[in-house]
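Sequence lines set the chain letters: A, B, ... in the order given, protein chains first and strands last, and positions in each chain run from 1.
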Number of protein chains: 2
Amino acid sequence: MVTARQLAQLCGVSVATVSRVFNRPATVSAATREHVERVARELDYSPNESARALSRQRSAMVGLVWDTDHRRPSWRHPFLQDLLLGLKSALSSHGYHLLMLATSDDGRSRTPGASLADPVAYVNMTRRHQLAGLVLIDSGTDADAFSVFAHSGLPCVALDVALSGPRATYVTSDNAAGAAEAVRHLAALGHRRIATITGPRGNAPATARTEGYLRGLAEADLPVRDDLMVTGDFYRESGFVRMRRLLARKEPPTAVFAASDEMAVGALLAARAAGLRVPGDVAVVGFDDIEVASLVDPALTTVAQDKRGFGTAAAGALLTMLDGDETPPPVRLPTKLVIRDSCGSRR
Amino acid sequence: MVTARQLAQLCGVSVATVSRVFNRPATVSAATREHVERVARELDYSPNESARALSRQRSAMVGLVWDTDHRRPSWRHPFLQDLLLGLKSALSSHGYHLLMLATSDDGRSRTPGASLADPVAYVNMTRRHQLAGLVLIDSGTDADAFSVFAHSGLPCVALDVALSGPRATYVTSDNAAGAAEAVRHLAALGHRRIATITGPRGNAPATARTEGYLRGLAEADLPVRDDLMVTGDFYRESGFVRMRRLLARKEPPTAVFAASDEMAVGALLAARAAGLRVPGDVAVVGFDDIEVASLVDPALTTVAQDKRGFGTAAAGALLTMLDGDETPPPVRLPTKLVIRDSCGSRR
DNA sequence: CTGAAAGCGCTTACAG
DNA sequence: CTGAAAGCGCTTACAG
């Protein structure tokens, strides 16, 4: 492996000049710059990142905090894959790489109620590796733990968690607008009793979707009915159970807006178990547009999130903090209603 | 941020001693070791990884090569999430972290036919960051590109690709055994014309599954019939198209083994489109046990892979190479036949 | 525009 | 068992 010193010797310049060629090319004369660049290419030279990080006091890596509660093995992010893809390609085009942080506590026991294995251990990792910034993925539970990061001073961008701090921002879908659109669509199809199965209390996207549901009802001049609002937890099982409860009401809904596709699928199964046809007897709309949505029968009408856009937007926000001094405002990604068969609007 | 020097001063020892306490505790007297450890804990000291990597010529990071062809945006790993989870928790318990490698070419155009954005660029990253090892995730296409890594000399473990080299090994499911079991199961249910929709040619797991299919037929004393073997590409659409073709045969199959759940779902849809009932008119079995499998109707009988085990096994193999000198043999993970409704064996 | 020198924070033979 | 010293490969004021 060739070093800057060797390259410098070969070129008849000092290591300082070599360094400048790669870091502030403008400060080097065109002739020597081109010469160094050419030889570097020939020797396949590239700077040692450890040395670089050490002297700069900052690495070219961004930490990814994605902590899953192992007591709940079923937990899954609805679209982690697209998110990572978006993140890594956007970051790499600016020379940054993603370091997946894990504490040694990972996979072990943790204090009940702790939403993160150990925020302090993560912050520690951050210092050890001299990370340039942090991407925080909502672990689905208590988001307060994230504030530790937001206050650590380094650039942070959270996904689906309202993070605030001097150098912290976040990206999320426009959950309220998406939910409202879904409800309006159902109302336009003639439904008057539109129920909702919400996400867990305290979860920001869940709250926003409920808000959107209410807004959608209002816009369609429909009354809010407490008996048509039930609380789920985003997972399929809760969709099943809550749907069963809704269907047992005196006046059951003719349409249901579930705050996640997982729950919508559960609702579909519950309707079938109750001998009802979807969308004939009851219409169902979900949220997310995960892969399953198009595979179930009937195919699920749902509010699609811009999955790849999440990663790109997060990377974008982070990069403006890394390269500049300003903290970008929160990003709210537009959603899109994908109409399939479960809402009955197709002929 | 406190450094080793500061810690040393506080403890009245040299930095060399501080370093030894953290790296070869056995070479330090118990008294000074405990003293240094205590003070270190009080000051929340932890060594700077960049400095460490620089002087050791090797970082505590493992690179993850997961290159997806962006020309094919639909490509997805059947269980990336579990895999990453398994990897990161196993690695972190030994102090290693995962660095998601990306070349700046990511998301841009690439040479047609190139299976990896640029293997050389990845190897380059590997040197720059002084990575301790590499985890290679099959990108679903030409696996030859991986040999560049295997020959780079550093510890490599590939997933689902037969990688060989001085310090290279791989982990995969026992695809043949799993497929054979699925076929035997169908035969035991009385099926005589069992078809298969294979994965793409040249793909190792696909080949092994086909092999298992043939073995299963042999074990059940069933003849191999060319008209009952069609080639898919692991994706749903191909399952749909190939199933339609199978159903159009003179003597259509009464059961189909699809080499992936995605294709099995496609097959399910094709059967339905043809007015056939599953499993009444034709039985279907898949492979993978992805989330969708239990959500479709009828729920899919499938060969489950040990998703979390993949990550753990890969990390294990890598760790023995990182900490020792031996190269572990390939790992073949057992599969498990999960019987649901699509094969008709349940009453 | 360029070079000499100090420094980033560790680890590791080498002496003692 | 411990310390002094060299070295890992860069970057960055500071002079010139």
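- Summary of the strand contacts: Val15(B) and Arg5(A) both lie near DNA chain D, and taking for each the nucleotide with the nearest heavy atom, the more 5' one is attributed to Val15(B).
- The stretch residues 148-169 of chain B participates, sequence neighbours left out, in these salt bridge (Lys or Arg N to Asp or Glu O under 4.0 Å) pairs: Arg167(B)-Asp325(B).
- With the nearest nucleotide of DNA chain D identified for both Thr17(B) and Leu54(B), Thr17(B) has the one nearer the 5' end.
- Residue contacts shown for Val18(B) are absent, as no nucleic acid heavy atom lies under 4.0 Å away.
- Ala4(A) comes within contact range of the sugar-phosphate backbone alone, with a heavy-atom separation under 4.0 Å but no base atom that close.
- The backbone N or O of Ala53(B) lies less than 3.5 Å from no partner atom in the side chain of Ser59(B), so there is not a single donor-acceptor pair.
- DNA chain D is contacted by Tyr45(A), Pro47(A), Asn48(A) of residues 41-48 of chain A, taking any non-hydrogen atom closer than 4.0 Å.
- Between Leu163(A) and Cys156(A), the closest heavy-atom pair is CD2-CB, 3.8 Å.
- Remark: Arg332(A) pairs with no residue by the salt bridge (Lys or Arg N to Asp or Glu O under 4.0 Å) rule, at least two apart or across chains.
- Residues satisfying the side chain to side chain contact (heavy atoms under 4.5 Å, CB included) criterion with Ala16(A), sequence neighbours excluded, are Ser14(A), Arg20(A).
- Counting only residues at least two apart or in different chains, salt bridge (Lys or Arg N to Asp or Glu O under 4.0 Å) contacts with residues 6-17 of chain A are absent.
- The stretch residues 19-28 of chain A comes close to DNA chain D through Ser19(A), Arg20(A), Asn23(A), Arg24(A), each having a heavy atom under 4.0 Å from the strand.
- Considering CG of Leu64(A) and NZ of Lys88(B), their distance stands at 7.5 Å, rounded to 0.5 Å.
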What side-chain donor-acceptor pairs closer than 3.5 Å can you find for residues 36-43 of chain B, not counting sequence neighbours?
from, atom 1, to, atom 2, distance (Å)
Arg38(B), NH1, Glu42(B), OE2, 3.2

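- Scored by the side chain to side chain contact (heavy atoms under 4.5 Å, CB included) test, Ala31(A) finds Ser29(A) as partners (sequence neighbours excluded).
- Annotation: side chain to side chain contact (heavy atoms under 4.5 Å, CB included) contacts of Thr3(B) (sequence neighbours excluded): Arg5(B), Gln6(B).
- A donor-acceptor pair is defined here as one N or O able to donate and one able to accept, closer than 3.5 Å; such a pair exists between the side chain of Ser89(B) and the backbone of Leu85(B).
- A centroid separation of 6.0 Å or more is found between the aromatic rings of His151(A) and Phe149(A).
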Nucleotide-level pairing of DNA chain D, given in dot-bracket where Watson-Crick and G-U pairs need both distances under 3.5 Å and | marks other strands: |||.||||||||.|||

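- For DNA chain C, the span of nucleotides reached by chain A at under 4.0 Å from its heavy atoms goes, 5' to 3', from dC1(C) to dG9(C).
- Under the side chain to side chain contact (heavy atoms under 4.5 Å, CB included) criterion, Pro47(B) pairs with Arg128(A), Tyr45(B), Arg52(B), sequence neighbours left out.
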